[in-house]
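Written out below as structure tokens is the structure these notes cover.
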Amino acid sequence: MKIVLLGAPGAGKGSQAVKIVEHYKIPHISTGDAFRDNIARGTQIGVYAKSFMDKGQLVPDDVVVKIVAERLSKDDCKRGFLLDGFPRTINQAVELDKITGIDVALNLTADPEIVMKRLTGRRSCKCGALYHIATYDKETCEKCGGTLYIRDDDKPETIKKRLDIYAQTIDPILEFYEAKGVLITLNGDRTVAEVFEDVRRILDDID
Ligand code: ADP
Ligand code: ZN
């Protein structure tokens, strides 16, 4: 099962991704996580990516595509994978298509106001778990005990910039997958469990 997860920052991609990979036992490939991991390890890619991420800008395509291509070449991706946060530009979609086709592009929509609330109160864990201060007030992760943190780019000004860039880049990507007949759009303005119910129904049909 080869899945691409699309949606604005805060539409709930990360939360659905965690549930999808748990349920379908496929690797979770998050370009955002890959960059944050590189930043934490102080790699050259990390230093380079951070200069864009902190401003809410996209990391240049060549770097992103290289990371994804390397990851997809690993054996554990043969059975399928979940791409989260990639493709983010039409060029990335075209490059991905040269590497492999996909079975479904799940597009999560969300109201901009809800998205803003989700992102400004978000707490992240290294393990991929996501929390919101409105529903979870502890400082450590329920799953792994890690210390929760606020992402550098989850500041109001940067969130605004990320949402603007998303709005400017998404249409051709949606058209690309629509033309291939693999695009499915879902309303992300619901609870994680509610959205996942829909996601599961869709993915079970494809499997
Ligand atoms: P979100 O979807 O909430 O913005 P991500 O973790 O997916 O969070 O991405 C965080 C940042 O990492 C992006 O704002 C961007 O700078 C960079 N990034 C992640 N994926 C890509 C990508 N496919 N292309 C370009 N930049 C990316
Ligand atoms: Zn954790």
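Atom set for the values below is all heavy atoms of this structure, side chains included, hydrogens, waters and symmetry mates excluded. Every number for a ligand or one of its atoms is a count from 1 in the order of the listing. Fair warning: this is a prediction, and the values are worked out from it, not measured in the lab.
- For the pair Lys160 and Asp164, the salt-bridge criterion is met [side-chain N within less than 4.0 Å of a carboxylate O].
- Leu108 and Tyr24 fall within the same hydrophobic cluster, where Ile, Leu, Val, Met, Phe, Trp and Tyr residues are linked whenever their side-chain heavy atoms come under 4.5 Å apart, directly or through other members.
- Salt-bridge annotation for Asp76 and Arg71: present, with a side-chain N of the basic residue lying under 4.0 Å from a carboxylate O of the acidic one.
- Salt-bridge annotation for Arg123 and Asp137: absent, with no side-chain N of the basic residue lying under 4.0 Å from a carboxylate O of the acidic one.
- Among all non-hydrogen protein atoms, the one lying nearest atom 20 (N) of ligand 1 is Thr31 OG1, 2.7 Å.
- Counting non-hydrogen atoms of other residues, nucleotides and ligands closer than 6.0 Å to NZ of Lys161 gives a total of 12 or fewer.
- Looking at Arg36 next to ligand 1, an N or O pair under 3.5 Å apart turns up.
- Among the atoms of Ser30, none of the N or O lies under 3.5 angstrom from an N or O of ligand 1.
- Here Asp153 has side-chain heavy atoms under 4.0 Å from ligand 1, and that is the only part of it that gets that close.
- Salt bridge present: Arg151 and Asp153 bring a charged side-chain N and a carboxylate O closer than 4.0 Å.
- Classification of Glu95 and Lys98 as a salt-bridged pair holds, one side-chain N sitting under 4.0 Å from a carboxylate O.
- Within ligand 1, counting atoms from 1 as listed, the ones closer than 4.0 Å to a heavy atom of Val64 are 22 (C), 23 (N), 24 (N), 25 (C).
- The protein non-hydrogen atom at the shortest distance from atom 27 (C) of ligand 1 is Phe35 CE1, 4.0 Å.
- Atom CD of Glu157 has more than 12 neighbouring heavy atoms from other residues, nucleotides or ligands inside a 6.0 Å radius.
- Near Pro9, meaning under 4.0 Å from any of its heavy atoms, are these atoms of ligand 1: 1 (P), 2 (O), 3 (O), 4 (O).
- Atom 16 (O) of ligand 1 has Gln57 O, 2.5 Å as its closest protein atom, hydrogens excluded (heavy atom only).
- Against a heavy-atom cut-off of under 4.0 Å, Lys13 is close to the following atoms of ligand 1: 2 (O).
- The option with the heavy atom closest to atom 24 (N) of ligand 1, from among Gln92, Lys50, Met53, is Gln92.
- Glu70 and Lys66 are joined by a salt bridge, as a carboxylate oxygen and a charged side-chain nitrogen come within less than 4.0 angstrom of each other.
- The hydrophobic cluster containing Phe176 also contains Val65, counting ILVMFWY residues as joined when their side-chain heavy atoms lie under 4.5 angstrom apart, directly or transitively.
- A pairwise comparison of heavy atoms in Pro9 and Arg162 identifies CB-NH2, 3.7 Å as the closest pair.
- Closest to atom 10 (C) of ligand 1 by heavy atom, among Lys55, Lys161, Arg162, Arg151, is Arg151.
- Close contacts of ligand 1 with Arg122, meaning ligand atoms under 4.0 Å from a residue heavy atom, involve 3 (O).
- Around the Zn ion (ligand 2), protein N, O or S atoms at less than 2.8 Å comprise Cys125 SG, Cys127 SG, Cys141 SG, Cys144 SG.
- Arg41 has a carboxylate O that lies under 4.0 Å from a charged side-chain N of Asp37, or vice versa, which qualifies the two as a salt bridge.
- In the hydrophobic cluster analysis, where Ile, Leu, Val, Met, Phe, Trp and Tyr join through side-chain heavy atoms closer than 4.5 angstrom, Leu106 is grouped apart from Leu96.
- Geometrically, ligand 1 and Val59 share a nitrogen or oxygen pair separated by less than 3.5 Å.
- Scanning the protein heavy atoms around atom 13 (C) of ligand 1, the nearest turns out to be Arg88 NH2, 3.5 Å.
- Considering backbone and side-chain atoms alike, Gly85 places an N or O below 3.5 Å from some N or O of ligand 1.
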